[in-house]
Amino acid sequence: MTTTTRPPTPSPAPARAGAVADVARITGLVVLTGVLVVVAFASITLGTRGVGVSTIIRSFTDYDPDSTAQTVIRELRVPRTIIGILAGMALGLGGALLQGVTRNPLADPSIMGTTNGASAAIVVTIMVFGAQSLHTYVWFGFLGAAAATFLVYAVASFGREGATPVKLALAGAAVSAGLYSLITGIVMTNLDALNEMRVWQVGSLASRGWPILHQVWPFFVVGILAALVTARWLNGLALGDDIATALGQRVARTRGLVFVIVTVLAGSAVAACGPIVFVGLVVPHLARAICGPDYRWTLPYTLLLSPILLLAADIVGRLVMRPGELQVGVVLGVIGAPAFILLVRRRNLAEL
Amino acid sequence: MTDLLDRPADQPAAPEPTVRVRRGRRFRQARVVVVTTILGAVAFALFVATMMIGSFPVSAWEVIASTFRLQDDPSIDFIVRDLRLPTAVTALAVGLALGMSGLIFQKLLGNPLASPDFVGISSGASMFAAVAIITFHASGLVVSGVALLGAVLSAGAIYLFAWRDGVTGYRFVLIGIGVSEFFVAITGYVIARAQVSDARAAMSWLVGSVGQAGATELRILLVSLAVLLPLSLLMGRQLGVIELGDDAAQGLGLRVQAARLGLLTVSVLLVALATAAAGPVAFVALIAGPIAVRLLRGQGSGLLAAAFVGAIIVLLADLVAAHALPAALPTGVVTGGIGAPYLIWLLATVNREGRGG
Amino acid sequence: MTSHDLRAEDLTLGYADVDIVSHLDVQVPDGRITVIVGANACGKSTLLRGLARLLKPRSGAVLLDGKAVQDLRSVDVAKVVGLLPQTPVAPDGITVADLVGRGRYPHQGFFRRWSPEDDAAVEAAMEATGTADLAERPISALSGGQRQRVWVAMALAQDTDLVLLDEPTTYLDITHQVELLDLLTDLNRAHGKTIVIVLHDLNLACRYADHLIAMKSGAIVREGAPQDIIDADLVSDVFGLSSDIVPDPVSGTPMVVPRGRHHVATPAL
């Protein structure tokens, strides 16, 4: 890729400028953490009158089943919000990792096979066993996502050079394409599958409660923690395989590990909430536009921005169409995409 | 010319590598011609085959004779020309257009994933078509026209948004992602809010099928292809230089912005017209190019080969969708399943010889 | 080889809202090897891109044989001035011979395709760079040094009287660096090609340059034959490095021996 649009940084006093930028970036992270807390609070309390922090705490410590407000918060809002936060983080980080490891701005769980793997597993389950509960889908979805991601990596790893970015991207696209045919083929001939998929495929936080959270939280936590330590590897890979090798990285092993983490992150997120493409595809670019191409910053920014946007969009979706809901994916696309376009226009984005 | 050849007399010339390089080029060129010809022949054979099969089988000769008006036989002519030819021609034309435009996009934007499906062109067409079908109960030619408009408008919007002292491939891809997400969201919203019957109509258009093209769309597509395909082939040389990166291309004397705009225009028109005729048939544009490039071992521009591969995928998908499955399905359901396993096989085997990319 | 005059007058270049090179005058000596050196981000690559017509001047002009390059047709410039950029992109799966052949672009018309002349130029370029044996190999299967030689071959196949190269020795080990610079010297001596190189290694620059240009903050600090211009003050000014200058035991050209904070056994000369 060319470097035409990247002006060289002026040489005088780079160290001091770097320190100033670091302070700004840390401040940004603190502010975003605050925003996340506010958004999460709003997501829990919105629409229920006179609810404060004390009500939330009381609904757990001193639960009164007769209080509608407490029940709504305890059984619906809190798990939904926690899933939103974790799934948002997982999707965002999954996208950032895939983009880093393939050095491709278009790589995200939905085009690299993960999402279609989950969908395919779910429709096959429905075709064989009939419609099931949401939390059965989570297991099958996770397995499908893992199998598809593994297949992508295996196909790309054949041959002498191993899994190069180009081969990974193509293998991901090919696996996605094949699974897409399988999914639409079943959906168009199986009414059960059509009905279930129509709901699942949109991607939503609605009716995600404690059972699902109990199923997936260990995957989320392990995946998110593991993802955060990959920053240095991704920075190395960003310079190209040759330089990364020269810097002492074992490129093939690094790629393999990153793929395992992506499988855990994206697999569990897609299984729990369905495909919410925007978060995995766009938020990493958003983070990069704000804090620059260094993954030691990109990953934390993605970590915070993803759940903020997801929860905010979820809240907007709940507000605009009462008593119904507008799906998160729709809100993110309609509001988030134009904002993203403006940002790309205004900034000189460093390339992957 | 080449002063490099005017060696001083005392320096002995080394003819062997020179001859070998020239011979190598001829051999590679011959290979490109042979592979491309074979792909073309396969595409033609499938084109004929799709018209042979059906409740009333027709022989290959009868299909060819009737299609090219070599002899008249009213009953055969009715089956071939009136019933089966339109679908077969649509499949052929849509495949050619998608295959070629997909490879142009991938080379132009320097990204193997940057097919028109993923950078916002097809999603623009889909959004416009879905709104037309659901909100205005449009059908047939109107939907096609609106889809064409949608594809061209979204491509224009991406180009304008990405313009800043010129357009780089990378910025075009990023803006394309944004535009695509926007249209996909609206499409999803419109379908989710629609009556069930309207939603089903819209969804079946969105899957894409070569059977849904009307006579007018087909005629427009064919006339445009007659102009656009040769034009794309002529621009293949510019494309071969652009894919070396903007700096290298400019160093070689290419006016990069003009060439990029020209190539984008041609390939957007190809996608838009194909989509207008058959809907956004999925994954053909994405997969045809890489398959062609690998079959040619990276030689030449591969544009014509990619067009043939696209046609093969769509024709084969049409055959499978219409005849090989328990229930007849839209073509778009099958295209991914046809091309993907082959691309996976190519990726896995061609690379073992160290020839991949 | 026809002689050419490439020069910049009052040239200002920049990206977005930053000027990188400002009001600079320079003339590329015809038939010589010119090397541009300077610390990172001093504007040397920008100057090279400006000379190759890749950047539009903010002010002033780049003149080729007396005419502003912006007013000339791109292909006409490309028949005289060739450029090897810092980060060219090798298309997926392309072979060496095919890539070198792309260098023939400016010599072909919209309808005039491959000719025996093109064959001859490609062959000569591959022979000169020792890449003829690699002709059928895919680029992705080559080592870094081989790859760089292929790119140089592409620039040579363009068959221009002037060749500009932006850090062509990056990624190369010391053997390949010397080999590449020897090759460029061969081309200069045997065929009279004018060569301009942006180079990081100051000692190789001193050895191979007929004409050395030292840049700092977008301006030329000093230029001339290496032995005339290189001294400890210049190195300290341009690179902010304290050093001793000794004659290179092999070539006799100036050699810059850096004085770091450790392992310094002798007082400054």
Side-chain angles (χ1 to χ4, degrees), chain A residues 1-5 102 104-107 111 151 154-156 158-161 164 166-167 169-182 184-185 187-189 198 202 277-278 281-282 285 326-327 329-334 336-345 348-349 351-352, chain B residues 110-115 118-119 161-162 164-166 168-171 173-175 177-186 188-189 192 204 207 245-247 282-283 286-287 290 325-327 329-330 332-341 343-344 347-354 356-357:
Chain A
M1 310 238 160
T2 54
T3 49
T4 19
T5 51
T102 58
N104 196 318
L106 282 168
I111 203 175
L151 178 64
V155 168
F158 266 104
R160 252 188 330 165
E161 325 93 323
T164 62
V166 169
K167 281 161 64 190
L170 285 176
V175 169
S176 273
L179 291 171
Y180 168 85
S181 278
L182 180 70
T184 36
V187 166
M188 298 213 101
T189 49
R198 233 180 27 185
V202 183
V277 180
F278 187 90
L281 184 58
V282 178
H285 293 300
L326 194 56
Q327 289 97 347
V330 174
V331 179
L332 280 173
V334 172
F340 173 66
I341 292 171
L342 284 181
L343 198 68
V344 173
R345 264 193 69 70
N348 269 325
L349 289 194
E351 297 182 5
L352 287 171
Chain B
N111 190 327
L113 295 179
S115 88
F118 296 107
V119 291
F161 283 134
R164 224 179 98 164
D165 279 350
T168 64
Y170 196 83
R171 202 157 52 225
V173 168
L174 286 188
I175 299 279
I177 292 174
V179 169
S180 179
E181 284 300 303
F182 181 73
F183 285 138
V184 167
I186 294 183
Y189 173 73
S204 82
V207 174
D246 285 11
D247 277 11
F283 290 112
L286 178 66
I287 286 177
L325 295 177
L329 289 171
V333 172
V334 189
T335 44
I338 299 282
L343 179 56
I344 289 174
L347 280 173
T349 57
V350 174
N351 276 303
R352 210 171 314 158
E353 303 157 32

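Lettering of chains follows the sequences in order, A, B, ..., and the numbering in each one begins at 1. Note that the structure is a prediction, hence the values are computed from the model and not measured.
Between B:Y189 and A:V330, the shortest heavy-atom distance links the atoms CB-CG1, 3.7 Å. Scanning all heavy atoms of the two residues, the minimum distance from A:Y180 to B:A282 falls at CE2-CB, 3.6 Å. The two residues B:G178 and A:F340 come nearest to each other via the heavy atoms CA-CD2, 3.9 Å. In terms of heavy-atom proximity, B:F161 sits nearest to A:R345 at O-NH1, 2.6 Å. Here the closest heavy-atom approach between residue B:A185 and residue A:G333 is recorded as CB-CA, 3.6 Å. When all heavy atoms of A:L170 and B:P290 are compared, the closest pair comes out as CD2-CG, 3.5 Å.
Contacts of B:T335 with chain A are made by backbone atoms alone, with heavy-atom separations under 4.5 Å and no side-chain atom involved. For chain A, the nearby part of B:L329 is the side chain; its heavy atoms alone come within less than 4.5 Å. Proximity to chain A involves both the backbone and the side chain of B:V179, based on heavy atoms less than 4.5 angstrom apart. Residue A:V334 touches chain B through both its backbone and its side chain, counting heavy-atom pairs closer than 4.5 Å. In this structure, chain B has heavy atoms under 4.5 Å from both the backbone and the side chain of A:I341.
Counting heavy-atom pairs under 4.5 Å between each of B:I177, B:V184, B:I287, B:V207 and chain A puts B:I177 at the top. The choice from A:V331, A:V175, A:T184 that makes the most heavy-atom pairs within less than 4.5 Å of chain B is A:T184. Here A:A177 is the residue among A:S176, A:A177, A:G185, A:A337 with the most heavy-atom pairs under 4.5 Å with chain B.
Contact check for B:I338 versus A:S181: no side-chain heavy atoms found under the 4.5 Å cut-off.
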